[in-house]
Amino acid sequence: MNIKELMKYFWLAWDMLIDLALPKKVVDFSEDEARDLNVQRCFPLVGLALGIVILIIGKLFGLLNIAVATSLFAVFMTALTVLRDSGRSVGSLVSFIELKTEGVSSVAALYNMRGGINFRQPQSLLVGAVLTLVMFYYLVIYSFMMVYGFTYWMILVLVLSFTVQGVLATIPSLGDRTPIIAVPRRAEMQIWYIAGFISLFVMFVALPGSIFATLVTFAIAFLGTMLMRRFCTEKVGGITANIIGFFGFIFEAVALLIGLIFLVK
């Protein structure tokens with residue numbers, strides 16, 4: 001595989017994960033391009049690239065007064081977390097909670113939840129409350145991240161989050177039973193090898209906390225994904241883009257909390 005092909009697969013993975021319009025000079029693929037193992041391998045690499053960009057932004061903000069830097073970083077990261085997929089993941093979370101409060105089973109809620117939120121329409125008190133709590137949670141987490149200097153943790157969070165989503169995308173879809181990404185069974189672990197290799201660099205950044213944080217987060221990502229994969233296959237009957245985004249969003253929230261627990265000194 002030459003560098004041109006690698007970049008094509010990288011941008012295909014980026015296009016699937018992040019709603020950020022790419023320059024036409026960069027985009028060298030068609031909408032009908034096959035999503036296969038080569039694209040899936042790039043999911044952790046997209047997380048690595050975005051994590052490094054966030055780390056650099058955090059360092060630049062760090063040159064400012066700590067109060068200003070913390071406020072800017074927290075607001076920027078909260079907006080990025082919620083809006084990088086145009087709000088589909090947080091919309092899925094809100095929709096899932098709405099359906100559960102109506103007494104719908106978890107399987108039916110996953111099957112019927114909607115992605116995205118139409119802010120032009122009046123929202124219920126429940127939607128407003130959930131969004132407020134989500135925003136507050138992220139603002140607090142990212143504020144601590146800036147104050148205590150563990151912005152590097154975003155590299156692991158995004159690498160594993162995108163890995164989780166890349167694995168779930170290989171489950172047959174609810175509609176036509178065709179997976180979003182077609183990966184041979186013998187190659188299913190390759191994405192985890194890539195994510196594990198990247199995780200090794202984060203593991204030793206701030207000993208001993210980073211070791212425990214990395215091991216716990218990786219274990220939750222791997223075991224959680226295997227359980228979710230089995231649940232979707234046996235109970236739900238397949239996967240949708242909303243379910244993938246929903247689980248990735250939940251994982252990131254948990255991974256950020258683990259970082260807060262182990263890395264704040």
Side-chain angles (χ1 to χ4, degrees), residues 17-18 43-44 46-59 61-62 66 69-85 87-94 96-97 130-168 195-196 198-225 228 244-265:
L17 291 162
I18 301 171
F43 272 49
V46 173
L48 174 62
L50 185 56
I52 290 174
V53 170
I54 290 171
L55 177 61
I56 294 172
I57 291 173
K59 295 295 183 183
F61 282 156
I66 186 61
T70 300
S71 300
L72 288 175
F73 184 78
V75 171
F76 169 77
M77 284 304 303
T78 299
L80 179 64
T81 300
V82 173
L83 299 177
R84 70 167 184 257
D85 64 349
R88 286 192 301 274
S89 296
V90 69
S92 297
L93 173 64
V94 171
F96 180 83
I97 293 174
V130 172
L131 288 175
T132 300
L133 287 174
V134 168
M135 299 297 182
F136 179 75
Y137 175 82
Y138 281 115
L139 286 170
V140 170
I141 292 286
Y142 290 132
S143 293
F144 274 98
M145 183 178 285
M146 189 66 196
V147 170
Y148 289 94
F150 60 99
T151 52
Y152 62 86
W153 185 244
M154 284 306 303
I155 294 176
L156 188 79
V157 171
L158 292 171
V159 165
L160 291 181
S161 174
F162 292 171
T163 297
V164 165
Q165 294 178 62
V167 173
L168 293 179
I198 297 172
S199 299
L200 289 174
F201 293 93
V202 178
M203 183 182 293
F204 300 103
V205 172
L207 301 175
S210 57
I211 291 181
F212 296 117
T214 301
L215 291 176
V216 170
T217 306
F218 196 96
I220 290 175
F222 183 79
L223 296 175
T225 302
M228 189 65 181
I244 295 172
F246 170 77
F247 190 71
F249 192 79
I250 296 297
F251 169 77
E252 287 184 29
V254 173
L256 287 169
L257 182 60
I258 292 171
L260 182 67
I261 292 171
F262 286 101
L263 301 176
V264 169
K265 299 179 180 179

Least distance between heavy atoms, Thr163 atom then Pro44 atom: OG1-CG, 3.4 Å

Any side-chain heavy-atom pair of Phe249 and Asp85 under 4.5 Å: no

Minimal non-hydrogen separation, Ile198 against Val159, with atom names: CG2-CG2, 3.9 Å

Parallel, tilted or perpendicular, as decided by the 30° and 60° cut-offs, for the rings of Phe96 and Phe246: tilted

Crowding at OH, Tyr137 (>12 non-hydrogen neighbours, <6.0 Å): yes

CE on Met154 to CG on Leu55, rounded to 0.5 Å: 11.0 Å

Chi angles and distances behind the side chain to side chain contact (heavy atoms under 4.5 Å, CB included) call for Phe251, Thr217: CA-CA 9 Å; Phe251 169 77; Thr217 306; 3.8 Å; yes

Evaluation steps, side chain to side chain contact (heavy atoms under 4.5 Å, CB included), between Phe218 and Leu156: CA-CA 9 Å; Phe218 196 96; Leu156 188 79; 5.6 Å; no

Heavy-atom side-chain proximity of Leu158 to Arg84 below 4.5 angstrom: yes

Sub-4.5 Å side-chain heavy-atom contact between Thr81 and Leu256: no

Side-chain heavy-atom pair Leu263, Tyr148 within 4.5 angstrom cut-off: no

Parallel, tilted or perpendicular: rings of Tyr152 and Phe150 (30°, 60°): perpendicular

side-chain contact (heavy atoms from CB on, under 4.5 Å), paired with Leu131, selected from Val82, Leu93, Val90: Val90

Interatomic distance, Thr78 atom OG1 to Leu139 atom CG [nearest 0.5 angstrom]: 4.0 Å

Met145 and Met77, any side-chain heavy atoms less than 4.5 Å apart: no

Heavy-atom pair with the smallest gap, counting every atom of Ser161 and Glu252: OG-OE2, 2.7 Å

Nearest atoms (heavy-atom pairs only) where Ala255 meets Val157: CB-CG2, 3.9 Å

Nearest heavy atoms of Ser199 and Leu160, plus distance in Å: OG-CD2, 4.2 Å

Point-to-point distance, once rounded to the nearest 0.5 Å, from CZ of Phe262 to CG of Leu215: 9.5 Å

Leu80 vs Ile54 side-chain heavy atoms within contact, under 4.5 Å: yes

Distance-minimising heavy-atom pair for Gly62 and Met146: N-CE, 3.4 Å

From CG (Leu260) to OH (Tyr142), nearest 0.5 Å: 12.0 Å

Atom pair CZ (Phe73) and OG (Ser71), whose distance is rounded to the nearest 0.5 Å: 12.5 Å

Straight-line distance of Thr151 OG1 to Ile52 CD1, nearest 0.5 Å: 12.0 Å

Side-chain (Trp153) to main-chain (Ser210) donor-acceptor, under 3.5 angstrom: no

